[in-house]
Number of protein chains: 2
Amino acid sequence: MSSSKVTINEVARQAGVSIATVSRFLSNPFSVKEKNRKKLEKVIKKLHYQPFVYARKLAGGKLGVYGLIIPGYEGIFNSFYALELIKGVGFSLERKNIDLYLHIFWTKDRFNISLVDGVIFADVIANQEQLKRILKEKLPCVVINKKVEELDVSFVAVDNFRGAYQATEYLITQRHKRIAHLAGDLRVQCAQERIEGYKSALIENKIKVSDKYIKVANFSYLEARRCLEELFDTSSPPTAVFAASDEMAEEVLNFANRYKIKIPEQLSVIGFDDNPLCIQGEIKLSTVRQPLKEMASLGVDVLKEQIEKKKENIKRLVLSPQLIIRESVAPFKRS
Amino acid sequence: MSSSKVTINEVARQAGVSIATVSRFLSNPFSVKEKNRKKLEKVIKKLHYQPFVYARKLAGGKLGVYGLIIPGYEGIFNSFYALELIKGVGFSLERKNIDLYLHIFWTKDRFNISLVDGVIFADVIANQEQLKRILKEKLPCVVINKKVEELDVSFVAVDNFRGAYQATEYLITQRHKRIAHLAGDLRVQCAQERIEGYKSALIENKIKVSDKYIKVANFSYLEARRCLEELFDTSSPPTAVFAASDEMAEEVLNFANRYKIKIPEQLSVIGFDDNPLCIQGEIKLSTVRQPLKEMASLGVDVLKEQIEKKKENIKRLVLSPQLIIRESVAPFKRS
DNA sequence: CAACTTTATTATAACATTTTCTTTTTAGGA
DNA sequence: TCCTAAAAAGAAAATGTTATAATAAAGTTG
């Protein structure tokens, strides 16, 4: 099987030092004298020695592998959000020479915690069963994109309320009054927060909140289509739509195109995410940019700190989204 | 750190057997007598015992983790192909109770082979450096979506030549003669094969192959747009386009929409992949369906077999794609 | 330059599991 | 009931690494 396995013993022998020295060299090269350091560098290179992570972990060392846990809900891989997160975490770890163990909960939510040094938990949907287990086992952990106030755990999240508020407020400054909202999956915290932000903006601007303008489309373009049919099949259709994701917002554009509704002249649209999709089509979509890369990279930093300095220093970061105005919004004009 | 870690020792103690018996129970429950088996089942459940995969591997056992290696080229995560593959492998492994270690080559192509029992190698772009290293280390390995005839390795691939041939041939049966091809990234084998399939279909139907109808758009919709501008800025623009991916084909639809070219009446289009995108827009895109899920699942099966039966039985499978006709093709009519 | 302090190195004991080799138990005849 | 063969269980070695404690080497100071 594993052919000519090069072990720390062989390295030690060829370098003429003890295995302890090799081990120390590996974890901190400057803890061995220059002469030995040079020698070890050479031997390790020559033998293509790679430490055996199992033995290392078994002996109480670090694995050099961080886990990223994300939910495997249908459509996860059409979800800009998840992919951007994976990419962000992946890049960030690679720069730190740490391996990424990406765990997706497809159907079962079993996760073998011994596979990693710590986890970034992005499973925003699932019940907190797994998260609690991880915490109970004292595995270093950072939650991403969810403000888990009720548990003793670090998190890095985005201020979804504020993003939604800003988007809605902007539509109001453009004199829109009948503003609809295409909401995301209600099991997801950020979808809830976006609804709240939307409502707050209306209320503070003395516009009545009406349930018939709030449609739950579960972040799905297909459901968005259905919702739009309902939304526009009334005597007072909205003059603006704020969607909780760009994919749903894009569907508004498609819908408008089909029914010859002019955008932005007859209907204004704002999305959420800043998906490349926004600038792909004919009409460039205005949106709320989520700092996903920053969130991922901060998540990695917080986790690394927690793993290395063993002190349990809980950090809670909330990042600000940014409203990006493009072509899909125009001031309301009585037609 | 790792708090109250439950080990095999504790299980053995509580069940009143030796650790060897527990170990044997774990690898084959029916190798221990009923009384002990029942007892062990109960104790393991009670303690939530999870074997420590590293100690297991160190002692010569299996890890229960398979690797999937994919290239981290820019755009990987907008690539339907890669995502479908990840999903396919993930599901397939979960059904077998095996963990997936997803390794993406972002910038460096370092990969710690000791993290897995074997790998599915989908890095179709990178040089074969890593693949050769894996083979040299005798790590069980299956290549996916690339026919690596020159190395002693199993693979599961799709007959891209045939898919491209069928698509092009279908356009020819619809009386098209000026058929353009939007090609993918030439570094990728399947892009090459699709070009060959396209050319063959033309040649065998006595249509002259012209380089000005073959444009390399690297699987990118932006480059596709540029290519289309060139393609239609001539006195004899194509009457049909066969694109090597649905994303590029979709861009043909956008392009046509912008220039008021009617699809399919004035321009026929066929894509490749069977991306959900195809049925998302106004005009349902005809395409060549790649059996990606099947490929992933077969890849897993072949790898598992290789890992379990140690004999080196090289398997090479080529799956057939399927032409799917929707709305984007019409017979050629002189205008 | 001796005595002491700091720094560098080494020997060795874990770590949790599997495997091989023994030993014990069970089952099946005679 | 005894003997033998087969099945089940156990003891102990081995796996590659790190951490701890002990030792050796190198500096520093009076």
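In what follows, every chain begins at residue 1, and chains take the letters A, B, ... in the order their sequences are listed.
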Discussion item. Could you check whether Glu308(A) pairs with Lys62(A) (Lys NZ or Arg NE/NH1/NH2 to Asp/Glu carboxylate O, under 4.0 Å)?
Written reply: no

Worksheet item: Salt-bridged, Lys304(A) to Asp117(A), with N to O below 4.0 Å?
Response: no

Is the phosphate of [N] approached by [X] (side-chain N or O, under 4.0 Å from OP1 or OP2)?
X: Ser23(A); N: dT18(D); value: yes
X: Arg56(B); N: dA16(C); value: no
X: Tyr54(B); N: dT18(D); value: no

Applying side-chain contact (heavy atoms from CB on, under 4.5 Å), can you list everything that pairs with [X], at least two apart in sequence or on another chain?
X: Leu151(B); value: Gln128(B), Leu131(B), Lys132(B), Leu135(B), Val148(B), Val153(B)
X: Ala20(B); value: Ser18(B), Arg24(B)
X: Ile19(B); value: Ile8(B), Asn9(B), Ala12(B)
X: Lys33(A); value: none

Set of residues satisfying side-chain hydrogen bond (donor to acceptor under 3.5 Å, both in side chains) with respect to [X], sequence neighbours excluded:
X: Arg13(B); value: Glu10(B)
X: Asp159(A); value: none
X: Asn28(A); value: none

Worksheet item: Per the end-axis method with five pairs at each terminus, what is the bend angle of the helix from dC1(C)-dG30(D) to dA30(C)-dT1(D), to 10°?
Response: 30°

Can you name the atoms? Protein N/O to nucleotides 25-28 of chain C N/O, anything below 3.5 Å, with the distance.
none

What's the shortest heavy-atom distance between [X] and [Y], and which atoms?
X: Asn145(A); Y: Gln189(A); answer: O-OE1, 4.3 Å
X: Ile69(B); Y: Val119(B); answer: CD1-CG1, 4.2 Å
X: Pro291(A); Y: Leu319(A); answer: CG-CB, 3.8 Å

For [X] and [N], what is the distance between atoms [atom1] and [atom2] respectively, to the nearest whole Å?
X: Leu58(B); N: dG16(D); atom1: CG; atom2: C1'; answer: 5 Å
X: Leu63(B); N: dG16(D); atom1: CG; atom2: P; answer: 15 Å
X: Lys35(A); N: dT7(C); atom1: NZ; atom2: C1'; answer: 15 Å
X: Glu34(B); N: dA7(D); atom1: CD; atom2: P; answer: 17 Å

Worksheet item: Within a strict 4.5 Å, meaning less than it, do heavy atoms of the Glu305(B) and Lys315(B) side chains meet?
Response: yes

Practice prompt. Report the nucleotide, chosen from dA9(D), dA16(C), dT18(C), that has the shortest atom-to-atom distance to any side-chain atom of Ala55(B).
Written response: dA16(C)

Discussion item. Quick test of your reading: applying side-chain hydrogen bond (donor to acceptor under 3.5 Å, both in side chains), list the pairs with at least one residue in residues 42-52 of chain B, sequence neighbours left out, ordered by first then second residue.
Written reply: Arg133(A)-Gln50(B), Gln14(B)-Lys46(B)

Worksheet, complete the sentence: DNA chain D nearest-nucleotide lookup for Gly60(B) and Asn36(B): closer to the 5′ end is Asn36(B)

Worksheet item: Of the residues in residues 8-21 of chain B, which ones touch DNA chain D at a heavy-atom distance under 4.0 Å?
Response: Val17(B), Ser18(B), Ala20(B), Thr21(B)

Fill in: Stretch residues 24-32 of chain A: residues that reach within less than 4.0 Å of DNA chain C through a heavy atom
Arg24(A), Ser31(A), Val32(A)

